[in-house]
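Structure, as C-alpha cells:
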Amino acid sequence: MVNINVYSRFSSNLCRPMGLNPAKRYYANNLGQRQLLDKMAVSLQSLSTEDILQKLNEAGIHVTQDEAQKFRENEVDGETIDCGLTENMVSYLFEGSFKKQAKFNKFVREMKEVVTITLEPVPAENYQDTSSTEINATSGRLPAEFSIPPFSKDLQAKLDNKEPCQKSSKERHKIVRVLHEAMIAHTMYPTNAEYVQVAKALIVKYPFLKDLEGNGYHTWHQSLKRKFKAERAPLVHDDEVRKSKDKFGCKRLRPTEQSSTACHRSNYGEIVVIGEDASSIEGHVNILQIQYSKMRPDTLVVKDRMQRTFAWRRREIRDGMTVEDILKKYPFLKTPSGLCDEVDRMHSSTVSLSQRFREGFTSLVPKVLQLVQKNAPLAKIYKEARDEMLAEDLPDADFRAALILLPHIFKEKAERFVTLGECDADTPYPTIQLVETDWKTAFSKRVQVLVKVDRVEVCRGMGVEEGIIAAFSAYYVFNLAYPPCMKNTLTFLQHAIAKIIEVGGKPLPITVTRIINILC
C-alpha cells in the first residue's frame, strides 16, 4: 500500500488523468504514475526540524542563526507545526518581524493543504484492460487516527479565524460534505463509533465548533449520519448496498407493534415521604385551605406547609391523582406564582424560575424575531401592531411576540400552544387561552390569559408571558410529558431558558441543539 500526500492545488490535476477520486479508493495500474506522485508527495508530520528550516528558506523566509536555534531548542518540527502553534509561539520564533510571522503562517497553511490518497497496487495477474478498478467502498474501515481534511480556501480561512461556521447552514453543509467525502474513501457504512470518531476529531481540531449543549458533537454526529443516508438512498438497487440495508437497516414496526406516546413523564424510583403520614398531611392541607380562604395569606406559613406536603403530593400525582383533585386539595397551585414555586421545589436553584425565564429569554428576543420575521404568518400581524405602539411599550411587546412566535423556528404551530378565546380544547396538555382578545392586542398589551390542563382551568394571569411560564410549569407540576407537536419548543425552553436538567434524561434532539447553537 502506498500513502501519498499531495498539495491540494495539485490534487485535482493529478487525479483527473489517472481516474483518481480523493473521495474513493482505486487500484492504480500505472506504476510509473505512482512513482511520480510519490516523488512529489510531502508529508508535513514526517519533516524534521532541519527539513522545516530548509523549506522555509526555499519559501523565501530567511531564517537567521538565532531564529534557527529557537526552532531546534523548542523541537519545532513538522509534527509540532501540524499540532498547531499559537500566535505567541510564532512571535517568539520570529521576534520583532511581523513580515516573517505573516509569511510563516502562510507557509503553514499551504503545508497543511494536503489531500491523502491511498493507492493499493494490484497483482499482475489481476490487471484488467480498464485503467482502474474500484474497490468495494463498504469493505474498508476508518484509520485509528482520522485526520480532518482541508476545506475550501474561503471556508478554511474562516475556520482559521475561529469564526462560528456552525451558525451558518451553508457553511455547515460544506463541512459535513467534506467529512463525508473523506469517510467514504474507507466505507459507505460507518459504524456509530466511527461517526463519533470523526465528529470528535472535528471538535478537537476546531473547538469553537462545539455544541453549546450535550456532549459537544451531537449535531455533527447526526448530520454525518443523515448525509450518508441521503447519499446511499439512490444506490438502493446496488447489490452491496441492498445487502447492507437488509443487514443493518432499521425495520419499521407495524402500527399495532408501535408503542403509543405516554402522556406522563417517566418516573425514576420510588418517592419517599419522611416524617409525615396521612393524618399529618391532612392537618397541613387543612391549614393551607384556611390560608387560601384569607384575603392575605401568611406567605411563610404557606411556604412551610407546601414544603412539608411536597413529597406526599408528588407521590399522589405520580400515582394518577386527577388535575381537578390536586387543585382542590392544594389550592395554592391555582396561581402562576404557585406553579413556578412548585417547579423551584422540584428543581432547586438560587434564582427563581420566573426570573430565569425573564432574564434568559430577553437576550434572545432580537434573534428570535429575526429568524421568524419572514416565515411566520403571525409575524406580519405583529409588525402591523408594532408600527402602532409607543416606543416605551416595544421591549415588553417584543418579549411577548418572541415567545408566541418561538415555535415557528422549530416548524411547530404556535396556535397549538396559545389560542384565541376560551374553549374546551380536546387535549390533556397545558394550553394558554387569550380571553376576549385578538392577536394584535395580545402582542401590544398584557391581556388576561387562562391556563387549562386536561380541560380543567388551572389559573388565570395577565399577559401572554405569564401564561406561557405557568403552562410550562404545569408540565412539571402535573407530571406531563411534552406533546409531539410542541416537543422541540418546550425542550428548548427547558434547557436554554429554564436551565432544568433532568437526571437520566434523553439527549437533546438535534434540532434543538442546532437552534441553541444559533441563538445562545
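- Of the possible polar contacts, one joining the R400 side chain to the S444 backbone as a donor-acceptor pair under 3.5 Å is found.
- For the atom pair R172 CZ and C165 SG, the distance stands at 11.0 Å (nearest 0.5 Å).
- Applying the 6.0 Å contact sphere to CD of Q65 captures no more than 12 heavy atoms from other residues, nucleotides or ligands.
- Contact annotation: the side chain of V90 never approaches that of V108 to less than 4.5 Å [non-hydrogen atoms, C-beta and beyond].
- A distance of 9.5 Å separates CD1 of I61 from NZ of K106, quoted to the nearest 0.5 Å.
- Judged purely by atom type and a 3.5 angstrom limit, Q156 uses its side chain to pair as donor or acceptor with the backbone of F151.
- Within the 4.5 Å cutoff, no side-chain heavy atoms of C340 are placed close to those of V343.
- Residue I515 holds its CD1 atom at 11.0 Å from CG of L364, rounded to the nearest 0.5 Å.
- A donor-acceptor pair is defined here as one N or O able to donate and one able to accept, closer than 3.5 Å; such a pair exists between the side chain of K100 and the backbone of H62.
- For the side chain to side chain donor-acceptor pair (under 3.5 Å) test, no residue two or more places apart in sequence or in another chain qualifies with R226.
- Scanning all heavy atoms of the two residues, the minimum distance from Q101 to G96 falls at NE2-N, 4.3 Å.
- Considering every non-hydrogen atom in both V76 and L85, the closest pair reads CG1-CD1, 4.3 Å.
- Checked by atom type and distance alone, the side chain of Q370 never pairs as donor or acceptor with a backbone atom of V365 at under 3.5 Å.
- Stacking of K162 on the aromatic ring of Y206 is not recorded, the 6.0 Å distance cut-off and the 45° axial limit not both being met.
- Looking only at side-chain heavy atoms (C-beta outward), K55 and L47 come within less than 4.5 Å of each other.
- Ring pair Y195/F228: centre-to-centre distance below 6.0 Å.
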* For V204 and I148, what are the C-alpha separation, side-chain angles and deciding distance, and is it a side-chain contact (heavy atoms from CB on, under 4.5 Å)? -> CA-CA 10 Å; V204 168; I148 299 299; over 6 Å; no
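- Between the OG1 atom in T191 and the CD atom in Q197 there is a gap of 8.0 Å [rounded to 0.5 Å].
- A donor-acceptor contact shorter than 3.5 Å links the side chain of S363 to the backbone of G360.
- We find that R386 and D398 are joined by a salt bridge, their nearest charged nitrogen and carboxylate oxygen being less than 4.0 Å apart.
- Closest heavy-atom contact between H347 and I501: ND1-O, 4.5 Å.
- L224 CG to K227 NZ: the interatomic distance, rounded to the nearest 0.5 Å, is 10.0 Å.
- More than 12 heavy atoms of other residues, nucleotides or ligands shown are found within 6.0 angstrom of NZ on K70.
- Side-chain contact between L53 and E50 is present, with heavy atoms from C-beta onward closer than 4.5 Å.
- Ring pair H221/Y217 is tilted by interplanar angle, where 30° to 60° counts as tilted.
- Heavy-atom contacts from other residues, nucleotides or ligands closer than 6.0 Å to CD of E73 number more than 12.
- A cation-pi arrangement is present between R358 and F399 under the rule of less than 6.0 angstrom and at most 45 degrees off the ring axis.
- How far OH of Y189 is from CD of E194: 14.0 Å, rounded to the nearest 0.5 Å.
- N488 and T491 share no side-chain donor-acceptor pair at under 3.5 Å.
- The main-chain N or O of M183 is never found under 3.5 Å from a side-chain atom of T187 such that the two would form a donor-acceptor pair.
- In this structure, F357 and L403 have side chains that are in contact, with non-hydrogen atoms separated by less than 4.5 Å.
- Taking 4.5 Å as the limit, every side-chain heavy atom of K367 sits out of range of all side-chain heavy atoms of I518.
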* Do L508 and I516 pass the side-chain contact (heavy atoms from CB on, under 4.5 Å) test, and can you show the C-alpha distance, the side-chain angles, and the key distance before you say yes or no? -> CA-CA 10 Å; L508 286 181; I516 290 177; 4.0 Å; yes
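- Distance alone, capped at 3.5 Å, is enough to place a donor-acceptor pair between the E412 side chain and the T489 backbone.
- Ring planes of F104 and F94: tilted class, angle from 30 to 60°.
- Listed here is the closest heavy atom pair of L378 and F443: O-CE1, 3.9 Å.
- Centroid-to-centroid, the aromatic rings of Y482 and Y429 stay 6.0 Å apart or farther.
- Within 6.0 Å of the NZ atom in K167, the count of heavy atoms belonging to other residues, nucleotides or ligands exceeds 12.
- Side-chain contact between P407 and M486 is present, with at least one heavy-atom pair separated by less than 4.5 Å.
- Considering all non-hydrogen atoms of both residues, L405 and A379 come closest at CD2-N, 3.9 Å.
- No donor-acceptor contact under 3.5 angstrom links the side chains of D344 and S352, judged on distance only.
- The closest side-chain heavy-atom distance from R356 to I500 is below 4.5 Å.
- The two residues L406 and L493 make their nearest non-hydrogen contact at CD2-CD2, 3.7 Å.
- Side-chain atoms of W220 come within 3.5 Å of backbone atoms of L209 as a donor-acceptor pair (strictly under, hydrogens ignored).
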* What do the steps show when you test D77 against R72 for salt bridge (charged side-chain N to carboxylate O under 4.0 Å, His left out), and what is the final call? -> CA-CA 8 Å; D77 54 11; R72 297 185 183 100; over 6 Å; no
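- F361 has its ring centre no less than 6.0 Å from the ring centre of F492.
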